[in-house]
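Note on naming: letters A, B, ... go to the chains in the order of the sequence lines (proteins, then strands), and numbering restarts at 1 for each one. Computed from heavy atoms alone, side chains included, the values below leave out hydrogens, waters and symmetry copies.
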Amino acid sequence: PKKARRDDDDDLEMIDDYLMDEEMNAYDEMCMPPESDDVGQDDSAVAFDRALQRPPLRQLAPLMDKVVFQQTDADFYEEGAGPVIRLYGVTAEGNTVMVHVHGFQPYFYIQAPPNCLPSDCAAIKQTLNKRAGGTVADVFLETKQSILYYSGSNSKTSFLRITLKSPKDMNKLANILSAAIDLDGNGQRSFQTYERDLDFVLRFMIEVKLVGCSWVELPAGKWSLHNDRTSRSQLEAAVSYKDVIAHPAEGEWLKIAPLRILSFDIECAGRKGIFPEAKHDPIITIGCHVSVYGQPDKPISRAVFNLKSCGEINGCKVVSTNEEVELLRQFKNYLIQVDPDVITGYNIICFDIPYVLDRAEALKVNDFPFLGRLLKSRTRMRDTKLSSKAFGTHESKQINTEGRVIVDMLQVVQRDHKLRSYTLNNVSQEFLKETKEDVHHSKISDLHAASEDGRRRIASYCLKDAYLPQRLMDKLMSLVNYIEMARVTGVPLGYLLQRGHMIKVVSQLHRKARDMDLLIPDMPRTGAASGPQYEGAIVIDPKKGFYDSPIVTLDFASLYPSIMMAHNLCYSTLVPKTRLDARGAPVPQLNLTPDQYTKTPNGDVFVKSEVRRGILPIILDELLKARKKAKADLKEAKDPFLKAVLDGRQLALKVSANAVYGFTGATVGKLPCTEIAGSVTAFGRTMIERTRNAVQERYTVANGYSANADVVYGDTDSVMINFNVPAEGDGMQRVFELGRDAARHVTEQFPNPVKLEFEKVLFPYLLINKKRYAGLYWTRPEKYDKMDAKGIETARRDNCRLLVEVMNSCLHRILVERDVQGAINYVKAIVSDLLQNRIDLQMLVISKEITRAGDDYDSKQAHVILAERMRKRDAGTAPSIGDRVPFVFIKGAAGAKAYEKAEDPIYVLENNLPLDTAYYLEHVLKQPIMRIFEAILPDPAVLFTGEHTRKIAISTPTNSGLMKFAQKQATCLGCRVPLGPGNNRAVCAHCVPREAEIYQEKLGVVTQREKLFNQLWTQCQRCQGSLHQDVLCTSRDCPIFYMRVKVRKDVQDATEVLRRFDF
Amino acid sequence: MVEDVAVARSTAAHDVSSRFVLERKAFQQQYSSLYFVRLKKLERFVRDAAQKKWQSEDLQIATRTLDIKEGQRVILTGTMYKEMPQKPSILKQLEKDRFASELQISEKNFVDKDDVAILEDAYGRVRLVMQKEQIDSLVTGVIVALMGSALASGEFQVEDICFAGIPAQVPAAVPASPKPKYVALVSGLRVGEQDRNPLLSQLLVDYFTGQLGSSSESLASQTVRIIVAGDSLLTAEDAGETSDQASWKRTNANAKRQQASLAAMVKDLDMMISELCTSLPVDVMPGGADPSNNTLPQQPMHRCLLPLSAKFSTFNAVTNPYECKLDGKRLLGVSGQTIEDILKYTTLTSPLDALERTLEWRHIAPTAPDTLGCYPYHDEDPFIISECPDLYFAGNQSEFGTKLVTGPQGQKCRLVTIPTFAQTGSIVLVNLVTLDVERVTLEAAI
């Protein structure tokens, strides 16, 4: 191959070419497809479309060319000479790169023994090596300082930096040190270790100032081609860690490489009534959707792999095999050829990938589990558990696919959004505003067995499910947001999803500490959340009520971060309790005058920044400044991709700033410090109170204002003020001015950078209780922006639709239409409808997911008991673990428990079982509705008592014991008089004159139901995207599912009634 | 006075088709079967027509939309589907339906710039790239043949389109006597309309019972049958509509409309029809506003509703759509919903054009069931026009229109759109021998 001609320097060309040729030969060999001498390397079995392959790699000569790529993943391995870091990434041209970074060794610190001299280091190394088997590479004496506590103006002391040959010996050596050892001949003592907890890869990244997803440069002449190819990357290079250039993610380096994203989904043929198990149930379809970052609408490939024959699908490669083993191989080959940088899907970490791997094992496809970029690394799974205050405990798995980051959209959505349900169906409804066809897994097997057509059906269904996660990722901008988070916090992309929030602060803390010669001690991990509890953010008690005048809301901007900055709260500025005297002042030895320290509201003492600037305030300052800059840049930016990146960044910066406070408060965390966390909240409380006082003192009639202001409510970081200015006329304008003035005035009373911001007015405002309120949200005096409801059963859909509907309608009537009487009438009408059985069943369905087997539940839960009952009726369709169980409450025996009353809605429809409408009224509707009206009505109970509750209708069950003995006899459709045996006419003789009228009434029912039947079933046809095939969807999340079932029966019943007129 | 001149009314043989009568309804099946049958039955004709139309092109007819390769020029056949963002949808309604007061279905045209045309066959779908005007002239449910080629994007670039075309016609028997015989078409009596002129319906009765005594009485006396093509009543449908829409969450239908006033209206109608029945056979088709089931095919109005008329042998409650043979001529008619629905989803404005299209598509109601309610037929599609009628009419249209269509094999079909009588006083008389049309307009000044 001839090198592209450089036209700038002819003289050099000869030499260039000469050099190039040598390098190139070596390189060409390495670019050959790997030999298939090892399992997991047989990639060439099926050559997919050429277009699938990565663009060819431009020939690079180590001596002449630099290598620049965006790293997406990092890990390390050990070889004889020590640990080697591997960086994986993609160049701007879309070529894959893997770099072996040599020479970096792990280290940690201990406090040096007293009077230790640099000359003692060799002896200490020897001592250590004797105990730890020669693992210590180096011992250095350095002057550092612990991050913990302020202990005088110059408290730097000597520390020993202990460098190891291998990271795996870290704990062993540290344990020796923290147990007891004699280092200086002065007897056994134990040593506190510093920074040994730090992840080795992260240690390396901090060392070379590399942040997650940043661009890395290997300068010309400093790197070489890696001789023994170990990966599928197009370029495999080696470099010394000292030569790695990490470009800060600024300016040009904000860009994102054309990352390849594979989104996939599998379908299995489960047995009746059992959730598919990898040991037994085959994979029948795998759908794949591949795109490149930045071009979401243009997939570079769509493919579907099928067991048995399957019809063609437009715009999609269909691969059919007769053997499942072959199917798995084909899929793997495809994955290898597509060579994605990111693998996504929905619940792939806990379902699809484990299933595929387990299945490959069950079928003994030994060359299958090599899904990463490394040729010889077997893909394995490890169970992990992630506990966090913020999002509870999640079981997950760690799956190694070196060089490919797994982004499971289920986990992303679970982390970033609070939803009623996390089914793909509900999530896509929520974010894409689309309903998804939902085919139950038991139906999948039938379809697959039935015909080629059925299999095609599954295949296109599977493809849709493979495409949805990709669309979610684009819509939520998950990838770019996570990339920016990696850049801001400095951790590798993969860590963000696999680990908790803590790692992000750890990374930042270490980076900053390193610059300031501070060391972070390794704290013993406490198992549970013990430790002292500190008081949370107290609110100003709400003055409940319905406010018909505009309420100004003032918010502290980034309250907790700004408190930490304003008062210089940090590990390094805290004067420990042990160094305070009886009055709580610093002991004299510290030489602190009262103006040099701050005593926080809960008695902790921190030195001021003039004495020593805290590290946390510095980190926060930088984060907030960076956020300001990102926001400013965002305004300037034109390019949509740059905009997305910048917006992701400012969001990441905000989240990171708030995470710092959480880090200090996490009692099971790496470095908890209740003094800091407690002081922050204490300051927060006093600030809210001071704000209230300042407002109520200033805005009074005595001071010339038209009315006295009143603070009606105060929460964590916001205060709500009623200026008692009516909205009429120019009232809104005036309230906005007052709001701005108050924000300015109060801000002046607080130290920099605490800032009170005026952003919105709520009017009208319904204050129900702590954290429960609703109002119209105004950001400009002319028109409201939206309705804002907090803590009210509106946005949250964890209850039946009826409640959500009623709450929304009430709020809308009260706030928007300002028609309280209308709301009252509405509630009464609903109550009446409910009692008279006129509410659609769909509206009353509640559903819960079975997360564990029935025996594992301690208490009897309605949905679990019901699932068992359903299993007894029909094991084939009963819900199993992982399924959502929808249910309604039906009338039970007197005193029946709630769980005994739960019943399958379909069963209820089929048997015409009576619903327990009184139960719905009492236990579902009443409380939330009363809460709203408590603020408005003197006696909200009237909504649930009185005339409108007297008429009650109950349907007669068709399967009850009693009905078996009853003789069926037709009654007159007009007056219900029994018509006598054998007479099946429509009306009795008495009603004959009214026959036409009665007929029309019954006809009206038929008409309405036929219309509904038509609307519902054609809607489902539209949704499934096919006219000629039956609708299969059984999505119980769908708002029309039960209506559809019900209307079938209803229309039939009504038609039969009408037929009686034909006799 | 004319009473003493005994005018012998002409009679004509009448034979009603039963294909729209539903003896027993079942609702367990879905709509897919109906579409499937429609495709299977019409595909053959569409293919024949396509082959004829694009003979010179020498193109293959692809058996499945899925089999076509990129760049290949072929003929595809299948069912049209139009994805229309404006199309009313019950799901959208439910999502929106937070506040019943905001709910309104607007009677308008749903064509939108983002409409997408899709062709579906028994195996799959393909998105079509075609002229917007072309998309706008089509509706969901029509069986078509398309000539064009597959694009790299998986879409299909349409060059030309072809329908099944006017079906074959069985030649009508030559009438025994050349004496003209007329069938009268009237629609939209709207008995009960508030601002209706009550004299108008009396005038109608008088006209046919020969009590008008004008010179056109001979036309009336030559009329062998009157077909009332729907919307004879102004029922509470309009009044009931709002509660109907909110009723999705209340299962119990708001069936009790203003019963009393309705009963009165039905009585008035019964009176009027029975008077007509005294002098000539009357076929009463139900329409959207009449007391019959709402979805197609609408079943005959029940005897008990029109007890007076039901006593006459000349009274015929029939279906909508309605098909019969009258004096050897094949008549096919609808009460208008099919045409109305097509106008909502296309840019067509003339009902007559729409009516002509359905003949060309060989289908009375292609938009059913998608946007027009219809019974979920299992193994048949009775709405297929398998034989070219001699007279094809649609009632309750915004304007009167008529046209004699001549098919490629010499089929002749008289198309008529009948205006609403209550508004125009118009009756349409069609000469069963010549298929010539007379429009009679009654005027009653109050």
Side-chain angles (χ1 to χ4, degrees), chain A residues 311-316 435 453 456 460 802 805 808-809 812-813 817 833 836-843 995-997 999-1019 1021-1023 1025-1031 1039-1040 1043 1046 1048 1050-1052 1055 1061, chain B residues 24-28 30-32 35-36 39 64-67 79 81 83 89-91 94-95 98-101 120-126 141 153-154 240 244 247-257 259 262-263 266 291-295 302 304-305 307 369-371 373-376:
Chain A
E312 293 298 309
I313 294 171
N314 269 327
C316 172
T435 41
D453 253 11
R456 204 184 143 268
S460 47
L802 179 67
E805 177 87 18
N808 272 319
S809 294
H812 193 264
R813 283 184 167 83
E817 292 170 16
D833 279 353
Q836 289 179 59
N837 220 2
R838 288 198 299 224
I839 302 286
D840 192 283
L841 182 81
Q842 184 96 45
M843 302 291 292
E995 191 181 2
E997 199 183 303
Y999 175 82
Q1000 284 188 53
E1001 187 190 321
K1002 301 299 172 198
L1003 178 68
V1005 180
V1006 172
T1007 301
Q1008 190 243 2
R1009 291 180 182 174
E1010 277 189 1
K1011 203 164 155 190
L1012 197 58
F1013 177 92
N1014 176 260
Q1015 286 177 335
L1016 292 170
W1017 283 96
T1018 50
Q1019 176 62 49
Q1021 284 191 315
R1022 291 179 201 166
C1023 206
S1026 163
L1027 302 174
H1028 298 113
Q1029 280 158 334
D1030 269 352
V1031 174
I1040 64 173
M1043 288 168 87
K1046 187 166 183 330
R1048 248 187 185 168
D1050 284 352
V1051 69
Q1052 190 75 57
T1055 307
F1061 287 90
Chain B
R24 186 110 213 192
K25 291 192 200 174
F27 290 90
Q28 282 314 300
Q30 302 184 8
Y31 284 118
S32 56
Y35 278 116
F36 193 79
L39 178 64
R64 304 191 308 174
T65 55
L66 300 164
D67 293 339
T79 311
Y81 179 76
E83 222 168 66
S89 128
I90 190 159
L91 258 185
L94 290 184
E95 284 302 312
R98 293 266 181 263
F99 326 105
S101 52
E120 179 175 332
D121 65 10
Y123 305 95
R125 282 186 164 193
V126 58
S153 57
D244 238 25
S247 70
W248 59 270
K249 52 187 169 186
R250 298 181 200 176
T251 49
N252 210 350
N254 278 295
K256 288 193 179 174
R257 299 178 177 161
Q259 291 294 344
L262 186 61
V266 177
S292 169
N293 58 320
N294 197 277
T295 54
H302 200 271
C304 75
L305 295 171
D370 190 46
T371 50
C374 86
Y375 175 74

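- Distance CG/B:Asn294 to CG/A:Leu1003: 9.0 Å, rounded to 0.5 Å.
- With a 4.5 Å cut-off on side-chain heavy atoms, A:Gln1029 and B:Gln30 do not count as touching.
- Looking at B:His302, its side chain does come within 3.5 Å of a backbone N or O of A:Phe1061 through a donor-acceptor pair.
- Taken from CD in A:Gln1000 to OG in B:Ser292, the straight-line distance is 11.0 Å, to the nearest 0.5 Å.
- One distance of note links NE2 of A:His1028 with OH of B:Tyr35; it measures 8.0 Å at 0.5 Å rounding.
- Using a 4.5 Å heavy-atom cutoff, the side chains of A:Leu1027 and B:Arg125 are in contact.
- With a 4.5 Å cut-off on non-hydrogen atoms, B:Glu83 does not touch chain A at all.
- Residues A:Asn1014 and B:Tyr31 form a side-chain contact, since some pair of their non-hydrogen atoms from C-beta on lies under 4.5 Å apart.
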List the steps and the verdict of side chain to side chain contact (heavy atoms under 4.5 Å, CB included) for A:Thr1055 and B:Phe27. CA-CA 10 Å; A:Thr1055 307; B:Phe27 290 90; 3.5 Å; yes
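- Using a 4.5 Å cut-off between heavy atoms, A:Glu1010 contacts chain B through both its backbone and its side chain.
- Using a 4.5 Å heavy-atom threshold, the side chains of B:Tyr81 and A:Arg1022 count as touching.
- Atoms CD and CG, from A:Gln1015 and B:Asp370 in turn, are 11.5 Å apart once rounded to the nearest 0.5 Å.
- The minimum heavy-atom distance linking A:Ala996 with B:Cys304 is given by the pair CB-O, 3.4 Å.
- Residue with the most contacts toward chain B among A:Leu802, A:Leu1016, A:Asp1030, A:Ile1040: A:Asp1030 (heavy-atom pairs, distance under 4.5 Å).
- Interatomic distance, B:Glu120 CD to A:Gln1021 CD, rounded to the nearest 0.5 Å: 8.5 Å.
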